[in-house]
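Here is the structure we will look at, set down as C-alpha cells.
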Amino acid sequence: MPELPEVETTRRGIKPSVKDNRIHKITVRQKKLRWLVPDNLPFMLEGYEIRQVSRRGKYLLFENEMGTMLIHLGMSGSLRIVKQGELPRKHDHIDFCFKNGLILRFTDPRKFGCVLWQTKGQGIHPLLANLGPEPLNPNFNSKHLFLRSRKRSVCVKPFIMDSKVVVGVGNIYASEALFLAGISPKVPAGKVSQKRYQRLVSSIKIVLKKAIQSGGTTLRDFTDGNGNPGYFKQSLNVYGRAGKECKLCRKHLIEIRQAQRSTVYCSACQR
DNA sequence: ACTTCGACCTGTTGGC
DNA sequence: TGCCAACAGGTCGAAG
C-alpha cells in the first residue's frame with residue numbers, strides 16, 4: 001500500500017490526534033506481524049504522552065520519554081484514527097487508546113508491516129541504521145547517486161528502490177520518476193552519467209512532492225488516517241498503464257518484470 | 001561486496 | 001457463475 005507519500009500523508013493525518021496526547025491502553029489482537037510485536041510495548045507506552053510523530057523513510061516514529069515506537073506499514077498496512085466504541089474488524093491488529101477518547105488503529109491484512117520498540121539510549125535501531133538519505137533532503141543529490149552507482153550492474157530502477165541508496169522510492173514512484181527523467185528502467189545503474197542522475201534526482205523530488213500534495217496515491221483503498229483518499233492516481237503517467245498510450249508520444253507503454261516487480265515504461269521516451 | 005531469490009501473508013483479479 | 005493461478009503499494013536475509 002504505502003510508499004513515502006502515503007506514509008507521510010498518514011503521518012500528517014494522525015499527528016493532530018496523537019501528538020502530546022497520552023496513551024491510556026494498548027490492545028494487541030495479533031502480534032505475529034513481520035516481526036513479533038514486543039511484549040513490553042504496553043509497558044513502554046501506556047501512561048505516557050506521545051511527544052513527537054516523525055518519519056524516516058517509510059517508518060513512522062512515535063517518541064515518548066521512554067523511547068521510540070517504529071511502525072512500518074508493509075504492503076497492506078494502514079493507520080487511522082477511529083472513535084471509541086468503533087468495533088475492530090478482521091485485520092485490525094492493534095489499538096492505541098488515548099486519554100482524549102480517540103483510538104489509533106493499526107490494520108494490516110497481509111501482516112508484512114511491523115510494530116517495534118527502541119528504548120531511549122540504546123542507539124539507532126538496526127532497521128534504521130543502514131538507510132540511505134531522505135529523498136527530499138539536500139543530501140540526496142546527483143553526486144550521491146553517481147558515486148554509489150559506479151561499478152553497479154543492477155538496473156537503475158531496482159537501484160533507486162534500494163533503501164540503502166535512498167529511502168522511500170517504491171514501485172510506483174520509481175517508475176514515474178524514470179519516465180519524467182526520460183531514463184530507461186533497464187539501464188545499468190553504473191552506466192548512467194551524473195548529468196542524467198541530476199535529471200533523475202529532480203524527477204524523484206518532484207514526483208514525491210506532488211504526490212504528497214495530492215494526499216498520496218489511492219489505488220484500491222489507501223486513506224490518510226482520517227478516511228480521505230489520495231488523488232495522485234490521476235497524475236500517473238506509466239504505473240498501471242501497461243498497453244495504454246504514452247501521454248507524450250502516444251506509443252504503447254511496455255510492461256516488464258525487474259527484481260520480481262512489474263515495471264511500465266515508454267521505450268521511445270525513455271532511453 | 002554485490003546479485004538473486006525465497007519468504008512472509010491475505011485479498012482481488014483475470015483467464016478459462 | 002466458479003475455480004485457480006497470478007499478482008499486489010515492501011524488504012529482509014540466505015545463498016551463490
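Just so we're on the same page: letters track the sequence lines, and every chain starts at 1.
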Under the 5.5 Å and 30° test, is Phe112(A) stacked on the base of dC8(B)? yes
Going by 5.5 Å between centroids and 30° between planes, is there a stack of Phe222(A) over dG9(C)?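 No; by the centre-distance and plane-angle rule, Phe222(A) does not count as stacking on dG9(C).
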Filter on side chain to side chain donor-acceptor pair (under 3.5 Å), then keep only pairs touching residues 95-114 of chain A, sequence neighbours left out; what's left? Arg29(A)-Asp95(A), Ser76(A)-Asp108(A), Arg80(A)-Thr107(A), Asp92(A)-Thr107(A), Asp95(A)-Arg105(A)
Arg51(A)/Glu63(A) under salt bridge (Lys or Arg N to Asp or Glu O under 4.0 Å): CA gap, chis, key distance, verdict: CA-CA 6 Å; Arg51(A) 293 274 168 75; Glu63(A) 190 184 324; over 6 Å; no
Between Ser163(A) and Arg110(A), which has a closest nucleotide on DNA chain C that is more 5'? Arg110(A)
G-U wobble or Watson-Crick pairing nucleotide for dG9(C) (cut-off 3.5 Å, both distances):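 Paired with no nucleotide.
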Can you find a pair of side-chain heavy atoms, one from Leu178(A) and one from Pro185(A), that are under 4.5 Å apart? yes
Tell me whether the side-chain N/O atoms of [X] come closer than 4.0 Å to OP1 or OP2 in [N].
X	N	value
His72(A)	dT11(C)	yes
Arg152(A)	dA1(B)	no
Lys90(A)	dT10(B)	no

Between dC8(B), dT10(B), dT11(C), spot the one nearest the side chain of Lys111(A), thanks.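 Looking only at heavy atoms from C-beta outward on Lys111(A), the closest nucleotide is dT10(B).
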Which of the following nucleotides, dT3(B), dG6(B), dG9(C), is nearest to the side chain of Gln260(A)?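 Of all the options, the side chain of Gln260(A) is nearest to dG6(B).
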